[in-house]
Amino acid sequence: MKIKTINTSAYTDQQPGTSGLRKKVAAFQQPHYLENFVQSIFQVASEVKGGLLILGGDGRFYNKQAIQIILKIAAANGVAHVMLGRDGILSTPAVSHLIRKYKAAGGIILSASHNPGGVNGDFGIKFNIANGGPAPTSFTDKVFEKSKNISRYQIADSADIVLSELASYHINEMKIEVIDSVTDYADLMQELFDFEKIKQLFKSGILTMCFDAMHAVTGPYAKEIFERRLSANADALINCQPLEDFAGGHPDPNLSHAKELVAKMNAAQGSPGFGAASDGDGDRNMILGQHFFVNPSDSLAIMTANAHLLPGYKAGICGVARSLPTSRAVDKVAEQLGIHCYETPTGWKFFGNLLDDKRITLCGEESFGSGSDHIREKDGIWAVLFWLNLIAIKQQSVEEITRAHWKQYGRHYYTRHDYEAIDTDDANGLMQNLRDKSTTLSGTSISGLTITLADDFSYTDPVDNSITTNQGVRIIFDDESRIVFRLSGTGTEGATLRVYIENYVTDSAGHDDDTQTALSKLIDIANTLSEIKSRCKREHPDVIT
Ligand code: VG1
Ligand code: CO
């Protein structure tokens, strides 16, 4: 088949953010927009030439069209072999696993994760490197540079392939294998966790669960793992049919967006003992008990404290990492275990080096993400299985496990306030003001609390010594409470300000408060310091998690 060289003009806005390039679908549908970016990736990722590429996405609108285009550009750029999820479906953790298992040179994931989908929704593309993890900033910077100067791309002049059948095809020399999206991943989960023990929980009737796939990518994975391999209760799975627009929903597993699940878990009668949800591309998780919410930062701390009890982690853990805004609950556990706790910027790409260098076994973020050294992405279903296995071992409820944890280590009340789609200049002005202020705040007092540290977080990677600056303004108080401010790197409309607030309470008599009430004084301090009301004309956050 012929390879065509197409002349194109460059776009100036193809800068990847926290997790790949994310834009409105309409932006990706502009002439040559996707093609330019993919060609730029192949130009930087020269290792993929002659190698294996894993390809798949979360099934959102434009997934299938994008896959056909990427296959043809891959063939024209000398990729030897592509493994592609059936129907174009692969979760982010599954791609990470496939890259590692089949020693691929890299992978392309089509997803805008937790952002809404559909014709008017968002689309995204992300490149993962040979370790299975998101490409580091040094790589994505180069792709951005290429994309700004591109004048042509190469594409095979071939027919579309059938995505729905497990079969092999060729475009020129390049082999395409359509593979089952689930099996390899499910097998890995079975190696890490005690499926027999979890199965007993369901068979004996001790536990019932509800898993909400939010009409996103984890539906097929949940069916295979929870229904087929673990024999969960018959009504365990909801919204497990992947849809291009996520049924109009927002596939973000939190208390605001996973409404159906939350209603079930909070029902006056007959609510399941365990509830969980995952996001668009399957890397996030929310864990719920009956009438009980597990804060993701607490979840990471609880996992760290108990990992050695689980089959996949019985050798113990060598270290742990959390992103800057994630609460410091896990730090308390690391201290007791005598292991190091690394503090990184936001986004999974910063954990890759620490995992590869065997400095950490577990890592997590406040944004409903946790994972381990089994792959190089966060992993939603993995987290759900971790909790199920823990419940099976401890024979305790989600709430009992969490409360016992607080009793032993103290409780970190934690909240995140998001102000979405604010004017970009206003948001930048607000951050600059905080940055300027932070240089003189240390040692001063506000509402009776003394500030012990205020700065704009910067990170030196201990493995490759790369430095990442301006990762968020943090303000730490003498009673161990803390406020962090940063702008989102995944939004597609204006700017999103995220304000992260936490407070540490050791006495278990003080562990029953409502989170927003417990944090009200700090919330006021955050509002005063940031001047959010006057600068951005916002009275209340759009989303509170
Ligand atoms: C958000 C979260 C961050 C997460 C990122 C990708 O980024 O805060 O913790 O790693 O999304 O998650 P930001 O820059 O908007 O705060 V997702 O599930 O792509 O996959
Ligand atoms: Co995601």
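Order of listing sets the numbers, starting from 1, for every ligand and every atom in it. Note that this is a predicted model, so its numbers are computed, not measured.
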Q. Which atoms of ligand 1 are found less than 4.0 Å from any heavy atom of Asp279?
A. 18 (O)
Q.
Applying a heavy-atom cut-off of 4.0 Å, say which part of Thr496 lies close to ligand 1: side chain, backbone, both or neither.
A. neither
Q: Give the contacting part of Glu377 toward ligand 1: side chain, backbone, both or neither, where contact means a heavy-atom distance below 4.0 Å.
A: neither
Q) Should you measure from each heavy atom of Ser19, which atoms of ligand 1 turn up under 4.0 Å away? A) 6 (C), 19 (O)
(Q) Heavy-atom contact check, 4.0 Å cutoff: does Lys349 meet ligand 1? (A) no
Q: Applying ring pair (Phe, Tyr, Trp, His ring centres under 6.0 Å), run through Phe246 and His215 and close with a yes or a no.
A: CA-CA 5 Å; Phe246 311 119; His215 288 299; 8.8 Å; no
Q) Is the side chain of Arg486 donor-acceptor paired with the backbone N or O of Tyr500 at a distance under 3.5 Å, no angle test? A) no
Q. Going by distance only, is there an N or O of Trp348 that falls short of 3.5 Å from an N or O of ligand 1?
A. no
Q.
Looking at Lys24 and Asp122, is there a salt bridge between them, counting it only when a charged N and a carboxylate O are closer than 4.0 Å?
A. yes
Q) At a non-hydrogen distance cut-off of under 4.0 Å, which region of Arg416 contacts ligand 1 (side chain, backbone, both, or neither)? A) side chain
Q | 2.8 Å cut-off met by an N, O or S atom of Ser113 to the Co ion (ligand 2) | A | yes
**Q.** Angle subtended at the Co ion (ligand 2) by Asp279 OD2 and Asp283 OD1, rounded to 10 degrees
**A.** 90°
Q. If hydrogens are left out, which of Ser367, Gly489, Ser488, Gly20 has an atom nearest to atom 2 (C) of ligand 1, that is, the closest non-hydrogen atom?
A. Ser367
Q) When you check the gap from the basic side-chain N to the acidic O, do Arg328 and Glu480 get nearer than 4.0 Å? A) no
Q: Just jot down the ligand 1 atoms closer than 4.0 angstrom to any heavy atom of Arg498, in number order.
A: 8 (O), 13 (P), 15 (O), 16 (O)
**Q.** Contacting atoms of ligand 1, where contact means under 4.0 angstrom from a heavy atom of Asp283
**A.** 18 (O), 20 (O)
(Q) Using only atom types and a distance under 3.5 Å, with no angle test, would you say the side chain of Asp357 pairs donor to acceptor with the backbone of Asn353? (A) no
**Q.** For atom 10 (O) of ligand 1, closest protein heavy-atom neighbour
**A.** Glu365 OE1, 2.7 Å
Q) Are His405 and Tyr409 close enough that their ring centres sit under 6.0 Å apart? A) yes
Q | Part of Thr490 with heavy atoms under 4.0 Å of ligand 1, whether side chain, backbone, both or neither | A | both
Q: Might you work through the ring pair (Phe, Tyr, Trp, His ring centres under 6.0 Å) test for Tyr342 and His340, ending with a clear yes or no?
A: CA-CA 6 Å; Tyr342 294 85; His340 199 78; 4.3 Å; yes
Q | For His114, the ligand 1 atoms whose distance to one of its heavy atoms is below 4.0 Å | A | 11 (O), 17 (V), 18 (O)
Q | Nearest-contact summary for atom 20 (O) of ligand 1 - protein heavy atom, Å | A | Ser113 OG, 2.7 Å
Q) What is the nearest protein non-hydrogen atom to atom 19 (O) of ligand 1, stated with its residue, atom name and distance? A) Arg22 NH2, 2.5 Å
Q. Nearest to atom 5 (C) of ligand 1, what protein heavy atom do you find, and at what distance?
A. Arg284 NH2, 3.8 Å
(Q) With nothing but distance in play, are any N or O atoms of Arg486 less than 3.5 Å from an N or O of ligand 1? (A) yes
(Q) Check whether Phe226 forms a cation-pi arrangement with Lys223 (NZ or CZ under 6.0 Å from the six-membered ring centre, at most 45° off the ring normal). (A) no
Q.
If the contact criterion is a heavy-atom separation under 4.0 Å, does Lys378 count as touching ligand 1?
A. yes
Q | Close approach of Gly347 to ligand 1, heavy atoms, under 4.0 angstrom | A | yes
